[in-house]
Structures are given as structure tokens and as C-alpha cells.
Amino acid sequence: MVNLRSATGLLTAAVLVAACSSSSTSAPPAASGSGQANGGACSLQILGPTRTQSGEQAAYEAVFAAFKQEFGCTVTATWQGQWSDIPQELDAARLANQPVDIVYDSTFNTTLAESGSLMDLTQVVSQFKDRFPASALADYTLGDHVWAIPFSDISTTFVYYNKTMFQELGLDVPKTYQDLVSVAEKIKSTKGIDPMIHRGKEPGYWPIWFMAAYAQTTGNQSIADTEDFLSGKRPIDSDQQAAQTLEEISQFYKDGILGQDSLATDGPGMEAAFLQQKAAMFFDGSWDLPDLRNANPSFEVGAFAFPQVQSGATQQSAGAADNGWAISSSTKNFAMAAQFLEFLTRPDNATKILSTFDPLDPSVVGVASGDDPLAQQITSDFRPNTIEYLDWIWPTEVTDAMSQAIPAALTGAQTPQAALASVQQAYQTLVSQKQYVFDWWTGWTSDQWAKVTPSQVPQLTIGQ
Amino acid sequence: MGARSTVGRILGSGVTYFILATVFLVTVYPLFWMFSGSLKSTGDFYGNVWGPPTTPQFVNYADAWTIGSLGGKIVNSVLITAGTLIVTVPLATLAAYAIARLRFPGRRFLFYLFLLGIAVPQGVTAIPIFTVALNLGLVNTRLGLVLVLAAQALAMEIFLMQSFFRSLPRELEEAAMVDGCTPLGAFMRVIAPLTKPGIATQVVIVGVGAWNEYFLTSLLIRSQDLQTLPVGLVYFSGRYSTNYPDLFAALSIGALPMLILFVLAQRQFISGLTAGAVKA
Amino acid sequence: MNSDRVVSSPVQAAAGGDRSVEQTRVRAARVRGMHPGRPHLSAHGQVVLSAYIAVLPALALFALFVIIPVFEGLWVSLHRWDGLSPMVWTGLDNYGYVLNDGIFWEAMWHTILFAIVTTVAKNALGLGLAVLLNRPLRGRSFFRTVAFMPVTLAFVMIGILWSWVYNPIFGILDGALDAVGLGSLAQGWLSDPNIALFSIMVVDIWKWTGFHMVVYLAGLQQVPTDVLEAASVDGASGRQRFWFVTLPLLRPVIIFNVLLSIVGGFTTTYDLVYVMTGGGPFHSTEVALTWIVSTTMRFLNVGEGSAMSVVLLVIVGAIGLVEMFLMTRGNSEDEVG
């Protein structure tokens, strides 16, 4: 691909700039820079999104230095752009002959793995897989192949509430939807504020509603049912449980729990409304907590699981280990790159880095949880009932269609059936236009596998 | 009659000042809001949205400066913006002059070619632009970014400048040419001084565009020490949360050079013309 | 600024009231008398040569980073490609998909509506304010400067500012309406699909009106007072003077401003829409550029995204040509088209 595209560019450029076409166009691909394991100058190149936590970059530098000391290999990181920019960044790096051995990344592992950009890590990770909670490793496993190792906080979703206000009004933490309705009515009648607010201006935050409710309407089969939908076995526009899910969600609107205000509110707006006591609850992820603590350390925040909308089902909510480490299939030094991942996830090294953002629920065993009062509730109550984000399974087009369908059904702009029909249509377009297959790993040729499978599995030095 | 017109005048100027007060409010308040946001604590930012900071946190500026390593980025931004202007403004002005004023074969074709250039949606040609820059060895260089940004601005500038040139009376350069000037000499001596409002407009539009450019810069610049200010702003936005007070401090620092450019350009709009008239 | 009336500009030059133009004319007449009949051919050759010298550098740069990428985009549009795996030739398939993409055409319509409404509003308001400020007022030059401010602000800041102005819970707009007893006018400014696009237009108009005002002001200050005085002596009312004297003299400035705002409406809407609504709710504020970027960068459907860009290019190009034709019609000898 790179060659084809360079060639196109070169051809067209040559028309007008024959005189300028310099030797740089014929530079050898990728090789320069990634050293050999036994050569004098071993080096590993990392590509990842900009590190924003104070002290995080320095912590990485310290770990790189320690790695060099132990394995004699220099590690250099390019922290560039935001997390969603990584596929582009990787593409640009490859075009620019900038070698990349290791990628720090997130949900896009699905995209990157499918495009053949990542090495299959199954066999090397088996040498140290007990360092990760099984569920976290599963987030980066597709079709029994491990594509990355989790290295971040494990996020989960729940309802935040204003504890002080609940106490003042003598409200109990709601368990069922009916409980929530009465709580909301009390809040509205005494305070005259929105009982609940959502960052609905950002479409990407609507699917968590679907995930939580669908988990219950399907009798906790939402992951399997979603995989069936994506394999074409269970069209979502004729999925009774999906329609019922949207009905349940729109009930929040009809009952005045969630209003149209939420469609115009973004993340900071949601937090501002909550902190200003102009909304009593919001449903979002554990990632909001540091912001809330930072903005007002004395604000009493409580948490409860998404309410029971379907009796008999377990209240599950969505979450995942947000980021992971993968090895680029363009690496010339797989063994050393794999060794680096092992080194990085040694508890003391992982602690150095992950502790810079005080994780509530770290994805590496042996790293201590942060000391937030809610950390305990999150790890013991919510984590066991956390299922993988459906938008890690849905292709982007389906995620986006769903992100539009949910608020449309919520506000009555569309019926649940019409909303789901648009999701099904997005799926069908994808199948016909991009030849989408859900389980792409089953259809790969041996050549495709050869490109991403290490020629020999390195024996890693497993440290403490 | 006299009484009526006095009342009318008072009423009229009341309305005028009311309108001006509104203009003042909607243009100056946002700036004030940015500066006051940059001095707030996080809690203040969310809790006291519209008012001034309760206790000014000047430390935000120091934090922003170190977290974003703004020093080097400002230097890069200034170099890129100035470089873009230095390349693109003379090129566009000259080309526009030729297209608007000189009769030569291919003139009409070139006019429409540049006109169509305006319709090219920039973001989506980014990858091909990257390929061309790569083939010329210009990726990850300031020069490469300057040339790319200059090229993107050309079409619009030429469009604007030629409409300016066409409004000038022909006698001007005819006179100069009869006086023994070449067409380009006539351009330099007689026309150029009259184009200051057009050039000031170009400088403002292209300058602000280059100063705030994010997308092409993030693709073409691959190393941290060449990054510009807008690209550096990602240091304040994590995946899920943004440090708004620090971000606003960085934005305030970044806005200053633009405000200076504006004040200078606005002088050109009005008073710079006078100088041109006196010299000619 | 006492020199306001002596400045030269396209407008004033056209009106013949500029001292320097007069001087040049006098000089030209004198020179003409001294050297009657210069050799015509060589002058023409000189003109052509100068023209090519003047155009060539711009053309080279333009070809390199605008034209070549467009052709490469055209090439990509004939393939299925995710930007990462190899390209697969699919002929015109992508164009078929674009034709059937309802959201794209809806976005196209929003783009056109956006360009028209904002162009009219920016120019009407800009000219109105300029007329207001063209009168001797205290603090006039201060206002000229502050009117520029919104243009300098970064989009990330504009996004959060206006989202919060429109915020239904603590927004300053609904708060202000409440304060003057118009609370019933409060709307879901960004959440109502019928209103959201217009709310974004307001922000765009806010950002650019001051800028256009300053350009108009520069034009107005160069309308020669003696012409206006003459019209006044002839019994023209203030309104008549504006419509029949000032406005025709402002024509070049108007063309300039209208072009600028139309082009802006088509090609620079991405950042603003992205920070305000991201195209929602329900695609009601989706413009062509946001949808193209989603298709290319989010869905990694680079082939179809390129096909959309080509379609957009053709449509905007056509509109641009028509607009050029209409605006410059009657511009006698300098007509390019």
C-alpha cells in the first residue's frame, strides 16, 4: 500500500517538479532506526497519544532508562495527537519512514488489528498473562488472539448523585426504575431542577444508556446478541429486545427524569450543572471522578448502578481497560518489543506510570488503587458486573448510527423501530460497501497471518 | 422642526450608543471571559461560570507554560505564521495583479483555475498533500509546513486581490508605463501602495488561519520540538477531561500575538492608506 | 483621525477624488505629450512576459500542494481504502454510494443554507454598523478595534463559550431572556433540530461581522464628501444619498465582502460546527465538511470521503462560477470571464 501510494504521489509530482524529486523518495522502508537485538545500537520507537498527566512523561522516561540499563536497548517515544488520532498518526509515520515498533492505543485496536497493522501477541502474552485481570485482557482479545495488553484504568459506568441533596431531601438510593421515578419527582417538586443530566451534545456518550438497558432486556446476553447482530444473524430492526431497550430509555424522557436540556449539554456543562446543584444525578463513567474531585473536593458524590428496568436481570454496565500496548507489524525487533511490554508491566514499573493519574481500578495486577472514597465501591460492586463496551464491538458506523438513534428515540423524534431501522441500514451499507465481516479473523489468509505472527516466539525474561 | 430634530438626534444617538454598547459587549466580553477563565480555579470555572475569578490563580499561567512547553511552541508558531505570510502574500498579490490587469494568453484559464482552488475542501486533501511533501523531503520541516499553508491560502487571496485591482482606474499604471516603467515596475511603484487594504485583509485572514491551523500541522510535523501552539494544546485535553483553566491560560497567551497583529493591520486599513497617497 | 478624508482607496480612486490619482493623471498627460506613440508590439510582449513572471511562482506552489493532491484525491475516490490496508479498485462505486447517501445531501443543503444566511447577515450587519460608525462619534476608532476581537479567538474557546451561552441550565442567553421577562422565548438552542443550525450561524455571524464592518468602514470613509454634498444640494434625502450615491460607490467593497463570506460559508465551517454540535442532534447541523471528515477519518472510508470531496468541489465550483458571473456582470472592460 505504501509503495502504491508513494508511487502515485511521485508520478503526479514528477509532472511538475521533476527537478525537485530528491533521493528521499527512494529511501528504504521503515528499517532505518529500529536496531537489531544483538546489534550495537538497539532502539525501540513508541508511538502514542500525547501524555497529559503531570509527571507521566517523566515516569515513562525513568522506565525507559531502566529498560536500557537492563536490556541495553534505547526506547524513544513520540507522543503525538489525541488517542483517536492514532491510526492516522501510524499511517503518517509509516509514509514518512518513521519507524514504529510499539503503539500505545485504545479501542482502535480493532481497526488496527483488522488492517494487519498489529502483531499477534497471543503467545508472548501467555508468558505473563497473570499480570492482568482476565476481563481486561479480554478487552483486547479478538477471536482468541491477543492484540494488545491493557495498561490503564479500567473504567466503568454508573449513576453519580448529589449525596448531600439526597440526604437533605431524605431520599434513598434508587434500585429499580420505579424508585428512580419517585426520587426524580421529589427532586423536581422541591428543588425545581433537572433530576438527571446527560452530556448528550456529544453523541458518543449515548450508547452507554443502550448498553446498560440492553444488558437487562436481553437477560444479560447483550454481548452475544450484539455479536449475532453483527454477524447478520439477528437484524437489529427486528430485535424485540433492542426495541424494548429504546422504549425503556425513552421512558426516562416521558417521566421527566431526563429532559431535552441534555441534548444541548456537553461534558463540562454536565459537570458544571451537577456541581452548581442544577442537576442532581448523571449517568456516565468513572473517568469523570477526578474532574469532580479536582473542581470541588468537598462535594459529596455518591454512586449507584444503572437502575433495574427489567426485573430478574442483573444490573450490568459497560466498561473496559481504556488503553493498551500493541506491537506494530512493521517492527524489525519483535523480541525486544515484547520484552519491553513485559518490563513495562512489572508491578513497580507499572506503578510508577499508572500512579501519576491515581487510578480507581488499575488494569495491571499489583498496582494499588487510588484512595478515592468511591474506589472501593467501584472495584467491588461495579467491576464484577461490568461488560465490555458495545462500541468496542460495533464498527464505527454502527456506533454512530446508534448514537443518533438513541436520543431520537428518547425524545420521540423517531419511534424505536424507525431508529433501529437506521442502525440496521448503517450495518447493511457497511456490509455492501466495505465488505464488513464481524469475525474477520476467521477469514484471513495464511499470508495475512504470516505478516502478523512472530516467526519465532521469543523467550522473555520475566521479572518481578 | 428644530425641536423635533433635536429630539430625533438625541433619540438617534441614544439608539446608536445602545447598538454600540451591544457590539462592545458581544466582542469584548468573550475576551474578558477567556482571561478571567484563565485565572480561575477548576472549581470556580465550573461553579462560577460567568463572573470574574473569586481569587485570581496566576499560577495557571506558570502551569500552562510548563505543561504545554509553550515557549518553544510560540517561537515555532511565530516562525510558521510569519513564513507563510512572507511566502504567500507577495506571490498572491503579484499573480492577482497579472490576472486582473495584464492581458496575456491563458489569463482566463488561470483565473478559473485559482477560482476552483477556493472550492477545494482542505482537510480531505491532507493525505495527498502529505505524500507530495514527503516526495519533496519536506515532511517534518518548517519550510514544508510554510509552503503547504502558503499554497492553501493562495486561491482565496488571489480571488480577493484581483477584485481589488480591478477597482483601480487603468490610468494609473498606463501613466506609469508611459513614464517608462515595465508593467511590474508600474505595479511596484504605483499600484502596490494602493493595495494596502487588500494586503491588510490578506494578512489578517491568512495570519489568523496559519496561527490557528491544527490539522495539516499535526500531520506534517512529526517531532515535538517543531510543534506549534494549537498542536500543543492537546497537552491540556486528556481523553476524558480537560484542564480548562490551564487551557484558557494557554489560549490567552496564544491570543496576544493575534491581537497585536490585528491592531497593526487595522492601522493599515485606515491610516496606512494615507501614507500611500502621500508617497505616490 | 483627521486624515480620514484624504486617504486613497479603490473606491475613492474610482470616484476620482484622490489627490494622488489626480497628480498621476496630470503627470501621465504630460508624459504622453512628450512621447507620442511608443512602439506597441514590444510593450505587449513586455506585458505578457511580466504577466508570466508574476503568475509563475504562485502557480507552481498552487500546482504542487493543491492541484496534484486534488488529482490524487480523484484517484483515491475510485478505490475502496481504509487508509491502512491496500487500496482496492472499485471504479465509480463510491460515487454511487455518495448519490445514495441521504446524510451527505442533507449536509450539502445545510451548507448552502449556511452560506446564504451568513453572507446576507454578515454583510447587512457589517454595512449597517459601518454606516453608524462612519459618523463622528466619540470612541470610534476604539470600536473599530474591538470589532475585530472575535476573529482572533481560537475555536476551542469559541466552542465552550457559546455552548455555555446557549446552555439550557446555566446559559447566559436564557438567563438574559428571563431577566427581561421574555423567558418564554427560551429555546433548545442547540438541542432542537429545527433551531440548532441557526444557532451556529449566529456564532459565525458574530465572529465575522466586525471584520466585514471594518472593511466597509474603510470603503465608506473614502466616499468623497463633495459628491455627497452635491447630492445634498440637489435635494437628495439622507436615505437617497445612501442608496444612489454611497452604495454604488461601495460596489467593489461589497463584491469583496460577499465573496469572502460566501467562500467562508462553504469551506471554513468545519471547526465551528465541530466544536458547537459535532453535526447533531440527528445530523441536523451536519455540513458537507463535517460529514466528509467523519467518513474519512472516523469511518476510515477514505475512498468514499474522496468521492464526496470531488462532488463538493464540483458543486461549490459551479456555485462560485455563477456567483462570479452575477457579481461582475456589467464590470465592462475588466471582465475576466
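The sequence lines fix the lettering, A, B, ..., with proteins before strands; numbering per chain opens at 1.
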From OG1 (B/T22) to CG (C/L129), nearest 0.5 Å: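 B/T22 atom OG1 to C/L129 atom CG measures 9.5 Å (nearest 0.5 Å).
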Contacting moiety of [X], where chain B heavy atoms sit under 4.5 Å:
X: C/V151; value: both
X: C/I67; value: side chain
X: C/L56; value: neither
X: C/L49; value: neither
X: C/I315; value: neither
X: C/V165; value: both

Is the side chain of B/W50 donor-acceptor paired with the backbone N or O of C/F170 at a distance under 3.5 Å, no angle test?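 Indeed, once roles are kept as given, a pair shorter than 3.5 Å links the two residues.
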State whether the side chain of C/E72 and the backbone N or O of B/V132 hold a donor-acceptor pair below 3.5 Å, judged by distance alone.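 Checking the backbone N and O of B/V132 against the side chain of C/E72, no donor-acceptor pair under 3.5 Å is found.
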Of all the heavy-atom pairs spanning [X] and [Y], show the shortest one and how long it is.
X: B/P128; Y: C/G73; answer: CG-N, 4.2 Å
X: B/A151; Y: C/V66; answer: O-CG2, 3.7 Å
X: C/W206; Y: B/P30; answer: CZ2-CG, 3.6 Å
X: B/N212; Y: C/T152; answer: ND2-O, 4.3 Å
X: B/A155; Y: C/F62; answer: CB-CE1, 3.9 Å
X: C/M149; Y: B/T27; answer: CB-O, 3.7 Å

Heavy-atom pairs under 4.5 Å with chain B: which of C/Y270, C/F266, C/Y52 has the most?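 When all of C/Y270, C/F266, C/Y52 are compared, C/Y52 has the most.
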Among the listed options C/G317, C/A51, C/A318, the residue most often paired with chain B at heavy-atom distances under 4.5 Å: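 Answer, by heavy-atom pair count under 4.5 Å with chain B: C/A51.
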Beyond-backbone contact of C/W164 with B/W33, side-chain heavy atoms, under 4.5 angstrom: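 Yes, their side chains come closer than 4.5 Å.
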I'd like to check B/L154 versus C/F65 (side-chain heavy atoms, cut-off strictly below 4.5 Å). Are they in contact?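 Sidechains of C/F65 and B/L154: no contact.
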Report which part of [X] has an atom under 4.5 Å of a heavy atom belonging to chain C: side chain, backbone, both, or neither.
X: B/L110; answer: side chain
X: B/A96; answer: neither
X: B/L160; answer: both
X: B/P105; answer: both
X: B/F248; answer: side chain

Which residue out of B/V23, B/L116, B/L113, B/I19 racks up the most heavy-atom pairs below 4.5 Å with chain C?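 Result: the option with the highest number of such pairs is B/L113.
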Specify which of B/Y17, B/Y244, B/Y97 makes the most heavy-atom pairs with chain C at under 4.5 Å.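 Among the listed options, the one with the most contacts to chain C is B/Y17.
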Might you work through the side-chain contact (heavy atoms from CB on, under 4.5 Å) test for C/F211 and B/I205, ending with a clear yes or no? CA-CA 10 Å; C/F211 176 82; B/I205 295 175; 3.9 Å; yes
Go through the steps for B/M258 and C/L153 under the test side-chain contact (heavy atoms from CB on, under 4.5 Å), then give the verdict. CA-CA 9 Å; B/M258 281 300 97; C/L153 299 175; over 6 Å; no
Under the criterion side chain to side chain contact (heavy atoms under 4.5 Å, CB included), which of C/L312, C/V316, C/L313 is the partner of B/V120?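 So, applying the side chain to side chain contact (heavy atoms under 4.5 Å, CB included) to B/V120 and each of C/L312, C/V316, C/L313, only C/L313 qualifies.
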I'd like to know whether B/F215 forms a side-chain contact (heavy atoms from CB on, under 4.5 Å) with C/M297, so could you lay out the CA-CA distance, the side-chain angles of the two residues, the decisive distance to 0.1 Å, and finally the verdict. CA-CA 12 Å; B/F215 188 52; C/M297 301 296 168; 3.3 Å; yes
